[in-house]
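A short write-up of the structure that comes next.
Along the sequence shown, the residues carry numbers beginning at 1. For ligands, and for the atoms within them, numbers begin at 1 and follow the listed sequence. Being a predicted model, the structure only gives us computed values, none of them experimental.
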Amino acid sequence: MQLSSKHLLGIRDLLPGDIQLILDTARQFKEVLQRPIKKVPSLRDITIVNLFYENSTRTRISFELAEKRLSADTINFAASGSSVSKGETLLDTVNNILSMKVDMVVMRHSATGAPHFLAKHIPAAIVNAGDGINEHPTQALLDALSITEKLGELKGKKIAIIGDIMHSRVALSNIYLLTKMGAEVTLAGPPTLIPKHIKDAFGVNVTYNVKEALEWCDVANVLRIQLERQNQVLFSSLREYNQAYGITRPLLDSLQKEVLIMHPGPINRGVELDSDVADSKQSIILDQVENGVAVRMAVLYLLSGRKESTS
Ligand code: CP
């Protein structure tokens with residue numbers, strides 16, 4: 001089985017069958033990761049560069065670990081400390097790295113569309129590890145795997161995505177994935193952080209009342225307030241944001257049911273999510289991080305075109 005695309009630039013480009021294939025392959029790799037020896041030879045002799053032009057903890061480490069578990073050779077590139085500071089272009093940087101016989105590129109960039117631009121100019125397969133406010137496809141895939149582990153298939157499940165939708169590539173990739181796989185999606189948060197036409201453009205529900213969204217959903221995926229991407233005041237204060245839109249213990253206790261809590265990280269504790277929720281039994285935040293490695297192994301393996309067994 002193969003993906004319909006040479007690259008993973010976004011969930012927007014994937015067919016439901018591609019998403020299913022990645023999730024099924026990730027489940028096989030998750031079994032590998034439970035063994036005493038957590039390594040398979042699937043990508044031996046393949047070299048992958050992790051190009052990070054923007055900060056990351058989870059995604060960068062998770063890709064590197066996925067590559068090592070697959071026996072690939074790995075190079076890590078951070079823009080800070082590189083010749084980017086001397087004015088070298090993205091394309092020159094990547095072409096120089098590829099000339100050293102690198103086979104695949106994993107890339108995070110603050111510019112929306114940077115991996116799409118690169119895909120038009122280089123022969124190597126590219127995995128988008130987050131581009132600006134556009135997409136973060138492997139995050140949506142690991143979120144989907146985490147939901148299915150707890151609740152079974154995505155079709156018919158009710159997922160609330162809560163918080164800063166406007167600046168979130170996690171939101172957009174999740175919306176594409178969940179709607180393609182037959183889940184229902186409600187976006188909740190302040191009106192200033194939810195794009196006006198998103199309801200009609202994506203076939204999702206919108207509410208500005210977080211309690212209403214929580215009463216409706218099976219899963220709440222809570223997003224970080226991305227202060228670094230906001231160049232104007234979009235809500236009064238962090239304290240008031242927490243009171244009106246934050247996920248707090250009293251708010252969850254006021255519901256007649258238990259909702260699964262997710263967050264892509266990093267968390268602004270006490271703003272969008274309180275610690276006694278983030279660290280509670282109903283939170284699957286660390287399961288999401290764990291699943292990231294298996295999902296990224298699946299993506300890299302499938303894009304490599306290798307036919308070796310995943311076990
Ligand atoms: N979820 C996520 O993308 O986290 P990082 O920014 O730490 O990679």
Side-chain angles (χ1 to χ4, degrees), residues 8-12 22-23 26 48-69 74-80 105-115 126-147 149 159-178 189 193 219-230 247 260-269 271-273 277-279 283-300:
L8 178 62
L9 300 178
I11 302 292
R12 191 184 68 163
I22 295 169
L23 296 181
I48 303 174
V49 62
N50 301 310
L51 279 177
F52 277 71
Y53 281 77
E54 195 189 83
N55 294 343
S56 168
T57 297
R58 279 146 291 270
T59 312
R60 188 176 55 76
I61 291 173
S62 180
F63 267 111
E64 188 177 347
L65 207 46
E67 291 152 8
K68 289 184 185 329
R69 300 294 193 220
T74 296
I75 305 164
N76 291 312
F77 168 95
S80 59
V105 176
V106 172
M107 181 185 177
R108 170 170 287 192
H109 205 289
S110 56
T112 290
I126 299 173
V127 183
N128 181 2
D131 67 316
I133 58 168
N134 181 38
E135 283 220 47
H136 191 349
T138 55
Q139 179 70 46
L141 288 159
L142 72 88
D143 289 346
L145 180 62
S146 306
I147 295 170
E149 280 182 348
I159 319 295
I161 305 176
I162 300 173
D164 184 354
I165 311 294
M166 178 90 79
H167 302 97
S168 176
R169 54 197 177 206
V170 175
L172 193 55
S173 284
N174 263 274
I175 291 168
Y176 281 128
L177 189 151
L178 293 167
L193 291 179
V219 180
N221 196 349
V222 185
L223 302 180
R224 185 170 68 88
I225 294 297
Q226 302 203 28
L227 294 169
E228 76 278 18
R229 295 192 204 277
Q230 297 179 17
I247 308 303
L260 273 187
I261 300 294
M262 301 173 68
H263 191 299
I267 304 169
N268 290 312
R269 286 176 180 260
V271 182
E272 71 266 3
L273 193 59
V277 176
D279 303 329
S283 157
I284 59 166
I285 293 170
L286 292 180
D287 300 276
Q288 292 172 258
V289 178
E290 181 184 348
N291 284 334
V293 179
V295 157
R296 289 170 176 129
M297 286 172 80
V299 167
L300 293 167

Study note, to complete from the structure: All heavy atoms of S173 vs all of P137, minimum pair found to be OG-N, 3.5 Å
Practice item. Can you see which heavy atom on I247 is nearest to which on V277, and at what distance? Key: O-CG2, 3.7 Å
Check your understanding: Are R108 and F52 in a cation-pi contact, defined as NZ or CZ under 6.0 Å from the six-membered ring centre and within 45° of the axis?
Key -> no
Point to revise | Residues in contact with ligand 1, criterion: heavy atom under 4.0 Å | key: S56, T57, R58, T59, R108, H136, Q139, P264, G265
Check your understanding: Would you call M262 and D143 a side-chain contact if the rule is heavy atoms closer than 4.5 Å?
Key -> yes
Review point. Would you say the side-chain atoms of Q288 pair up with the backbone N or O of H263, donor to acceptor, closer than 3.5 Å?
Key: yes
Check your understanding: Do side-chain atoms of N128 reach the backbone of L9 as a donor and acceptor pair under 3.5 angstrom?
Key -> yes
